[in-house]
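Notes follow the structure.
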2 protein chains.
Amino acid sequence: MNKKLNPASCAVDYAFQRIGGKYKGRIIWYLNDNNILRYGELRRIVQGITPKMLTQTLRELEEDGLVLRTVHHEVPPRVEYSLTETGKELLPFINHLRVWGEKQMKLEGDTCY
Amino acid sequence: MNKKLNPASCAVDYAFQRIGGKYKGRIIWYLNDNNILRYGELRRIVQGITPKMLTQTLRELEEDGLVLRTVHHEVPPRVEYSLTETGKELLPFINHLRVWGEKQMKLEGDTCY
DNA sequence: CTGCATCCCGTCTGATACTG
DNA sequence: CAGTATCAGACGGGATGCAG
């Protein structure tokens with residue numbers, strides 16, 4: 001478990017500490033269900049992320065038991081990431097959030113960016 | 001709309017930008033459904049928040065159209081906060097997250113903090 | 001290919017004090 | 001009561017270079 005978590009004042013607080021952050025939601029979502037992605041694939045898919053942040057975020061997700069990291073000892077090395085059962089339980093939530101986000105983005109039109 | 005939003009790479013990214021942050025989830029949750037809370041009430045309920053952060057977060061939620069701010073011109077002043085329809089649409093998801101959080105907290109036991 | 005080490009900077013967050 | 005002002009520190013995040 002991620003030691004950096006602060007004492008949570010309630011379950012909502014706790015949950016946001018665990019999946020908050022700039023990239024965690026997207027990474028979990030891209031890893032949806034039985035999708036297995038390699039480090040390099042994630043780097044391409046999660047637009048704008050730097051290697052450092054990708055590694056750091058994946059480590060936190062791993063510590064938190066949401067993501068499984070599998071190292072294949074080959075040359076060149078291959079590292080695959082997938083969701084744990086606990087991580088998969090978050091998918092419905094993120095999916096609903098995504099649907100909400102899409103709706104909101106349409107309502108905005110071009111006036112925002 | 002909050003001008004600080006960055007161009008979103010996808011709807012998940014977008015949604016997390018809008019409800020991410022240290023206190024937004026909790027504030028929305030405490031403002032559930034037809035709950036109307038005053039500034040001082042929120043300050044007590046959202047444990048650990050400072051006046052500055054509470055004001056700042058409420059302003060962002062207001063700019064983002066998730067929270068409604070109603071000023072009653074009285075002495076002493078009274079300002080009430082409630083969810084907009086858009087904000088209410090987020091409640092099921094936050095509740096889902098809360099349930100997940102509660103489950104996880106139980107699994108952890110006392111080993112974490 | 002998959003990372004880690006380092007340096008650096010801007011933003012976010014907090015403590016404290018003050019005001020209409 | 002409902003904030004604002006100011007200061008300072010912590011932290012997130014990016015750029016670059018190196019390693020197994």
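Sequence lines set the chain letters: A, B, ... in the order given, protein chains first and strands last, and positions in each chain run from 1. Computed over heavy atoms, backbone and side chain alike; hydrogens, waters and symmetry mates excluded.
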Distance, rounded to the nearest Å, where [X] contributes [atom1] and [N] contributes [atom2]:
X	N	atom1	atom2	result
Gln56(A)	dT2(C)	CD	P	19 Å
Arg59(A)	dA5(C)	CZ	P	11 Å
Arg78(B)	dG3(D)	CZ	C1'	16 Å
Leu37(B)	dG3(D)	CG	P	13 Å
Tyr81(A)	dT2(C)	OH	C1'	8 Å
Phe16(B)	dG12(D)	CZ	P	16 Å
Glu60(B)	dC12(C)	CD	P	8 Å
Leu54(A)	dA15(D)	CG	P	15 Å

Inset, instruction - Answer yes or no: does a side-chain N or O of Arg38(A) lie under 4.0 Å from OP1 or OP2 of dG3(C)? - result: no
Legend entry - Side-chain N,O (Arg44(A)) to OP1/OP2 (dC1(C)) below 4.0 Å: no
Inset, instruction - Apply salt bridge (Lys or Arg N to Asp or Glu O under 4.0 Å) to Glu102(A) and list each qualifying residue two or more places apart in sequence or on a separate chain. - result: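 By the salt bridge (Lys or Arg N to Asp or Glu O under 4.0 Å) rule, Glu102(A) matches Arg98(A).
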Inset, instruction - Provide the closest heavy-atom pair for Thr57(A) versus Met53(A) in the form atom of the first, atom of the second, distance. - result: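 Scanning both residues completely, I find the closest heavy atoms to be OG1-O, 2.6 Å.
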Inset, instruction - Write down the atom of Ala15(B), the atom of Gly101(A), and the distance for their closest heavy-atom approach. - result: CB-CA, 4.5 Å
Inset, instruction - Name all residues meeting the ring pair (Phe, Tyr, Trp, His ring centres under 6.0 Å) criterion together with His96(A); count only those two or more places apart in sequence or in a different chain, and write none if there are none. - result: Phe93(B)
Legend entry - Nucleotide-resolved protein contact map, nucleotides 14-20 of chain C, B/S/- at heavy-atom distance under 4.0 Å: BB----B
Legend entry - Value rounded to 0.5 Å, distance of OH in Tyr30(A) from CD1 in Ile27(A): 9.5 Å
Legend entry - Of all pairs that satisfy side-chain hydrogen bond (donor to acceptor under 3.5 Å, both in side chains), the ones with a partner from residues 41-55 of chain A, not counting sequence neighbours: Tyr39(A)-Thr55(A)
Legend entry - Touch class at under 4.0 angstrom, heavy-atom based, for Arg43(A) against every strand present: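 Base, at least one base atom sits under 4.0 Å.
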Legend entry - Terminal axis angle for the helix from dC1(C)-dG20(D) to dG20(C)-dC1(D), five pairs an end, nearest 10 degrees: 50°
Inset, instruction - Report yes if some heavy atom in the side chain of Tyr81(B) is under 4.5 Å from a heavy atom in the side chain of Thr70(B); otherwise report no. - result: no
Inset, instruction - Mind checking side chain to side chain contact (heavy atoms under 4.5 Å, CB included) for Val71(B) and listing every partner two or more places apart, or none if nothing turns up? - result: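 Side chain to side chain contact (heavy atoms under 4.5 Å, CB included) check on Val71(B) returns Arg69(B), His73(B), Val79(B).
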Inset, instruction - Tell me yes or no: between the side chains of Arg18(A) and Tyr14(A), is some donor less than 3.5 Å from an acceptor? - result: yes
